[in-house]
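Worksheet: the structure to be examined is printed underneath.
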Amino acid sequence: MFCAGQLLETKQISKMIASFIGENKAFEKMYITGELSLELTPQGTMAEKCAAGAAGVPAFYTPAAYGTIGKNSSFQ
Amino acid sequence: MTHYFILTCSVQTGELPVRYNKDGTVAVMSKPKETREFNGKAYVMEEAIFGDYAFVKVHKADRMGNCQFRKAQNNFNECMGKNAKVTLVEADQIVEVGEIAPENVHLQGIYVTKVVKSTEGKKIEKLTFKKSPEELKDAGKFAHFYLESV
């Protein structure tokens, strides 16, 4: 287990902002059992959120993630 | 449909479960995001991340905390280092001040709180090997199949 995986195993993470979580089994289990909050964010948006914060810019507009199919999806 | 597709399409309306309860019901749903139109195109407002702590891995750091990245270290390291209130740097090498030329400093020492020397070797989670030209030719053989199935 590498990087954040080590902190996950010792339950030191309560919230994660990430774009892709596909491969980490510990993460998946913790998310499903309610031990972890997850904020899914498109990759480019996440990069810009960090860069904006670094530059002291509180918010910005992006076309990524606009529009939805989520209304009737069974994603829950 | 890929994960990414679902993701980029449902983030805006706030219909993703942020946290579940132990019994599998949803405890917290994501909030819908503010939208606005510019030049006839729709945009979503995203709020910046303001970090408290950043863990940054660098190739070289000097004693003032000026850092130089190498290859893939030029990812989120620079902006997270500048972003967080406390930036902890793990450096492969610690050098004297002035050894990194000014134009090669990627993260300035003013953003850095502490520098530690890396003691662990670089670990790679998934190893892969260079492919031979024959294998590379084969890799393209099924491309049409993937395109059709999407």
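- Other residues, nucleotides and ligands contribute only 12 or fewer heavy atoms inside 6.0 Å of the NZ atom of B:Lys71.
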request  = Might you work through the side chain to side chain contact (heavy atoms under 4.5 Å, CB included) test for A:Tyr66 and B:Thr35, ending with a clear yes or no?
outcome  = CA-CA 8 Å; A:Tyr66 183 84; B:Thr35 60; 3.6 Å; yes
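- The ring-ring contact (aromatic ring centres under 6.0 Å, His included) check on B:Phe38 picks up A:Tyr61, B:Tyr43, with sequence neighbours excluded.
- Side-chain heavy atoms closer than 4.5 Å link hydrophobic residues (I, L, V, M, F, W, Y) into clusters, and following such links, even through other members, never connects A:Met46 to A:Met16.
- Transitive grouping of hydrophobic side chains (ILVMFWY, heavy atoms separated by less than 4.5 Å) keeps B:Leu88 and A:Leu7 in distinct clusters.
- The distance from the OG atom of A:Ser37 to the OH atom of B:Tyr20 is 12.0 Å, given to the nearest 0.5 Å.
- In the hydrophobic clustering of this structure, B:Met80 does not group with B:Phe55; members are Ile, Leu, Val, Met, Phe, Trp, Tyr whose side-chain heavy atoms approach within less than 4.5 Å, directly or through other members.
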message = Could you walk me through whether A:Ile17 and B:Ile49 satisfy the side chain to side chain contact (heavy atoms under 4.5 Å, CB included) test, starting with their C-alpha distance in whole Å, then the side-chain angles of each, then the deciding distance to 0.1 Å, before giving a yes or no?
response = CA-CA 10 Å; A:Ile17 303 174; B:Ile49 293 170; 4.2 Å; yes
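- Here the closest non-hydrogen pair linking A:Gly53 and B:Ala48 is N-CB, 3.5 Å.
- Of the two parts of B:Lys85, neither the backbone nor the side chain holds a non-hydrogen atom closer than 4.5 Å to a non-hydrogen atom of chain A.
- At least one donor-acceptor pair under 3.5 Å links the side chain of B:Arg19 to the backbone N or O of A:Glu35.
- Heavy-atom distances place both the backbone and the side chain of B:Ala42 under 4.5 Å from chain A.
- Looking at A:Leu38, the atoms closer than 4.5 Å to chain B (heavy atoms on both sides) sit in the backbone and in the side chain alike.
- Both the backbone and the side chain of B:Val18 come within less than 4.5 Å of a heavy atom in chain A.
- In the hydrophobic clustering, where aliphatic and aromatic side chains (Ile, Leu, Val, Met, Phe, Trp, Tyr) are joined below 4.5 Å either directly or transitively, B:Ile110 groups with B:Val56, B:Val58, B:Phe69, B:Val89, B:Ile94, B:Leu107, B:Tyr111, B:Val112, B:Val115.
- The contact between B:Lys41 and chain A is made entirely by side chain atoms (from C-beta outward), counting heavy-atom distances below 4.5 Å.
- Both A:Leu36 and B:Met29 sit in one connected hydrophobic cluster of ILVMFWY residues. Membership requires side-chain heavy atoms under 4.5 Å apart, directly or through other members.
- Contact of A:Thr62 with chain B is made through backbone and side chain together, with heavy-atom distances under 4.5 Å.
- In this structure, the side chain of A:Lys49 engages the main chain of B:Glu47 through a donor-acceptor pair within 3.5 Å.
- Atom CD of B:Glu103 has more than 12 neighbouring heavy atoms from other residues, nucleotides or ligands inside a 6.0 Å radius.
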